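Here is the structure we will look at, set down as structure tokens.
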Protein chains: 2
Amino acid sequence: MSPYVQRFVMHIGEMGSRWGLNRTLGQMCGLLYVTPEPLNADEIAATLNISRSNVSMGLKELKTWRLVQPASVPGDRREYWTTPKDVWEVFRVLAEERRRREIDPTLSMLRDTLLDEPASAQDRYARERMQEMHDLVELLNNWVDEMNGLPPKTLIRLLKLGRKIKQLLDPRRSGKAPTKATRH
Amino acid sequence: MSPYVQRFVMHIGEMGSRWGLNRTLGQMCGLLYVTPEPLNADEIAATLNISRSNVSMGLKELKTWRLVQPASVPGDRREYWTTPKDVWEVFRVLAEERRRREIDPTLSMLRDTLLDEPASAQDRYARERMQEMHDLVELLNNWVDEMNGLPPKTLIRLLKLGRKIKQLLDPRRSGKAPTKATRH
DNA sequence: CAGACTTTTCAGGAATTGTTGAAATTAGAC
DNA sequence: GTCTAATTTCAACAATTCCTGAAAAGTCTG
């Protein structure tokens with residue numbers, strides 16, 4: 001591994017732990033992402049100086065993250081691995097998986113709990129807070145879904161617009177008919 | 001702690017570990033969020049069945065996350081604590097802090113590395129991948145900054161629009177700001 | 001500044017998470 | 001089917017993270 005690549009791989013490894021992966025998983029991802037050809041497990045182990053079994057377990061977990069894809073090399077029985085090379089794809093997958101792990105369980109819990117009757121003033125207060133949290137999470141979730149359905153080019157255009165989007169939105173209440181009478 | 005509140009607090013605790021906090025930190029946040037009045041450290045320790053010193057360390061870290069605010073109770077020397085009660089505020093703070101911890105360091109690393117000359121074909125390939133990653137992160141970062149500058153109401157309106165925003169983008173649709181004019 | 005009360009620090013132990021080599025399993029070639 | 005190479009599993013060990021009680025450091029009051 002050249003120093004150039006190493007700097008990147010080691011950094012991604014360090015960040016891995018902040019991203020719900022761990023150092024090794026991060027390093028594996030980083031390495032596969034910046035390596036043009038797919039690598040087999042032994043190559044990964046040798047490059048990162050970790051055991052073969054660690055690589056096996058790492059790949060297993062990375063599969064559940066959909067961050068790693070098998071590739072076969074003709075005439076070689078071993079399995080080769082790589083990551084999606086389109087960074088937008090990586091980002092999308094990462095966002096989806098993180099939502100599945102970090103948001104969805106909480107949304108379920110909130111839904112369940114909100115069905116129960118609060119039994120005291122304290123519970124009623126708690127319920128209000130939970131309702132607000134639920135509504136916010138759901139709003140964001142839906143929005144992400146909608147954005148995901150957009151063609152990438154449109155999405156990029158939107159992102160580049162940034163705050164200017166406000167101008168399209170504001171001057172004469174435009175877009176969807178406001179169902180609630182907000183203000184005149 | 002009522003079962004109603006307990007369910008919420010325990011869940012947030014479990015999720016805490018997936019959110020860069022840990023179980024205790026999560027529980028503390030959850031408890032303070034759904035409790036109407038600020039609590040002092042002893043109350044937190046007693047409610048969550050953890051040691052007083054653990055609470056002290058937890059509060060220390062939660063302060064660095066800006067998730068916890070001091071509140072003083074007249075005639076009581078002890079410090080009382082709460083979280084912001086506006087869930088949007090919590091969300092905004094959380095997003096900022098996570099970016100600071102999870103994104104910013106990587107952006108720096110990418111900038112630094114991209115200044116270096118790649119020395120081989122492999123390095124040049126790696127550089128391309130890094131450049132793309134850099135550009136994506138920067139685009140998203142800028143966009144988040146822009147959105148943060150928007151008044152909350154506008155932001156909510158945007159989020160609710162979802163994919164329909166696309167219609168506003170399309171120039172052919174109707175020259176200027178395409179108003180559907182459903183106003184009375 | 002003494003005394004009472006509160007918060008913070010920190011070294012050591014507990015718990016959790018990560019890593020490994022050896023053994024078991026799987027899959028392909030013959 | 002056997003033989004061989006590749007992969008996966010798993011129990012034990014290692015490393016890291018978390019939690020605690022005891023002690024130190026603050027802080028307010030008179």
Side-chain angles (χ1 to χ4, degrees), chain A residues 9-10 12-32 37-65 67-82 101-102, chain B residues 9-10 12-32 37-65 67-82 101-102:
Chain A
V9 171
M10 293 299 123
I12 299 296
E14 290 313 316
M15 298 311 281
S17 18
R18 304 190 186 182
W19 275 79
L21 310 172
N22 64 37
R23 190 158 0 95
T24 306
L25 255 42
Q27 288 178 358
M28 289 174 59
C29 275
L31 176 63
L32 293 177
E37 318 80 26
L39 299 176
N40 67 44
D42 287 311
E43 290 168 334
I44 297 173
T47 310
L48 299 178
N49 262 299
I50 58 180
S51 72
R52 178 64 184 72
S53 54
N54 202 356
V55 173
S56 179
M57 297 202 302
L59 286 170
K60 184 179 170 187
E61 179 148 8
L62 252 25
K63 278 179 243 169
T64 75
W65 279 86
L67 279 175
V68 98
Q69 302 169 337
S72 48
V73 167
D76 193 331
R77 225 160 91 187
R78 287 168 297 180
E79 192 107 44
Y80 283 74
W81 300 91
T82 188
R101 291 152 208 253
E102 300 180 359
Chain B
V9 171
M10 292 301 123
I12 299 296
E14 289 314 315
M15 298 311 281
S17 18
R18 303 190 186 181
W19 276 80
L21 309 174
N22 64 37
R23 187 155 8 91
T24 305
L25 255 42
Q27 289 178 357
M28 289 175 59
C29 275
L31 176 63
L32 293 177
E37 318 78 27
L39 299 176
N40 66 46
D42 288 311
E43 289 168 335
I44 297 172
T47 310
L48 299 178
N49 262 300
I50 58 179
S51 71
R52 178 64 184 73
S53 54
N54 202 356
V55 173
S56 180
M57 296 200 304
L59 287 171
K60 185 179 168 185
E61 179 148 8
L62 253 23
K63 277 179 245 171
T64 75
W65 279 86
L67 281 174
V68 98
Q69 301 168 337
S72 48
V73 167
D76 193 330
R77 223 160 93 187
R78 288 169 296 181
E79 194 108 41
Y80 284 73
W81 300 92
T82 189
R101 289 151 209 252
E102 299 180 1

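The sequence lines fix the lettering, A, B, ..., with proteins before strands; numbering per chain opens at 1. Please read these numbers as outputs of a predicted model, since none were measured by experiment.
One interatomic measurement links the two molecules: CD1 of A:Ile44 to P of D:dT8, which rounds to 11 Å at whole-angstrom precision. Summarising the geometry, the separation between CZ on A:Arg78 and C1' on D:dT8 is reported as 17 Å, rounded to the nearest angstrom. Per the geometry, CG belonging to A:Asn40 stands 15 Å off P belonging to D:dA5, to the nearest Å.
Bracketed by its first and final contacts, the part of DNA chain C lying under 4.0 Å from non-hydrogen atoms of chain A reaches from C:dG18 to C:dG28 in 5' to 3' order.
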* Would you mind building the protein contact string for nucleotides 10-28 of chain D? One character per nucleotide, 5' to 3', B for base within reach (heavy atoms under 4.0 Å), S for sugar-phosphate only, - for untouched. => --------SBBB-----BB
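Considering only heavy atoms from C-beta on, A:Ile44 comes within 4.5 Å of A:Leu32 through its side chain.
The C1' atoms of five pairs define one axis at each end of the helix from C:dC1-D:dG30 to C:dC30-D:dG1, and these two axes lie 30° apart (to 10°).
The structure places CG of B:Leu62 at 5.5 Å from CE of B:Met28, a figure rounded to the nearest 0.5 Å.
Contacts of A:Arg101 classified as salt bridge (charged side-chain N to carboxylate O under 4.0 Å, His left out), with partners at least two apart in sequence or in another chain: A:Glu97.
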* Asked: For B:Leu39 and B:Leu31, what are the C-alpha separation, side-chain angles and deciding distance, and is it a side-chain contact (heavy atoms from CB on, under 4.5 Å)?
  -> CA-CA 9 Å; B:Leu39 299 176; B:Leu31 176 63; 3.8 Å; yes
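Within the structure, side-chain hydrogen bond (donor to acceptor under 3.5 Å, both in side chains) contacts touching residues 16-26 of chain B (residues at least two apart or in different chains) do not occur. Among pairs with a residue in residues 46-63 of chain B, those fulfilling salt bridge (charged side-chain N to carboxylate O under 4.0 Å, His left out) read B:Asp42-B:Arg52, at least two apart in sequence or across chains.
Across all their heavy atoms, B:Asn40 and B:Tyr80 have their closest contact at ND2-OH, 3.2 Å.
Between A:Lys60 and the phosphate of D:dT7, there is no side-chain N or O to OP1/OP2 separation shorter than 4.0 Å. OP1 or OP2 of D:dT8 sits under 4.0 Å from a side-chain N or O of A:Lys63.
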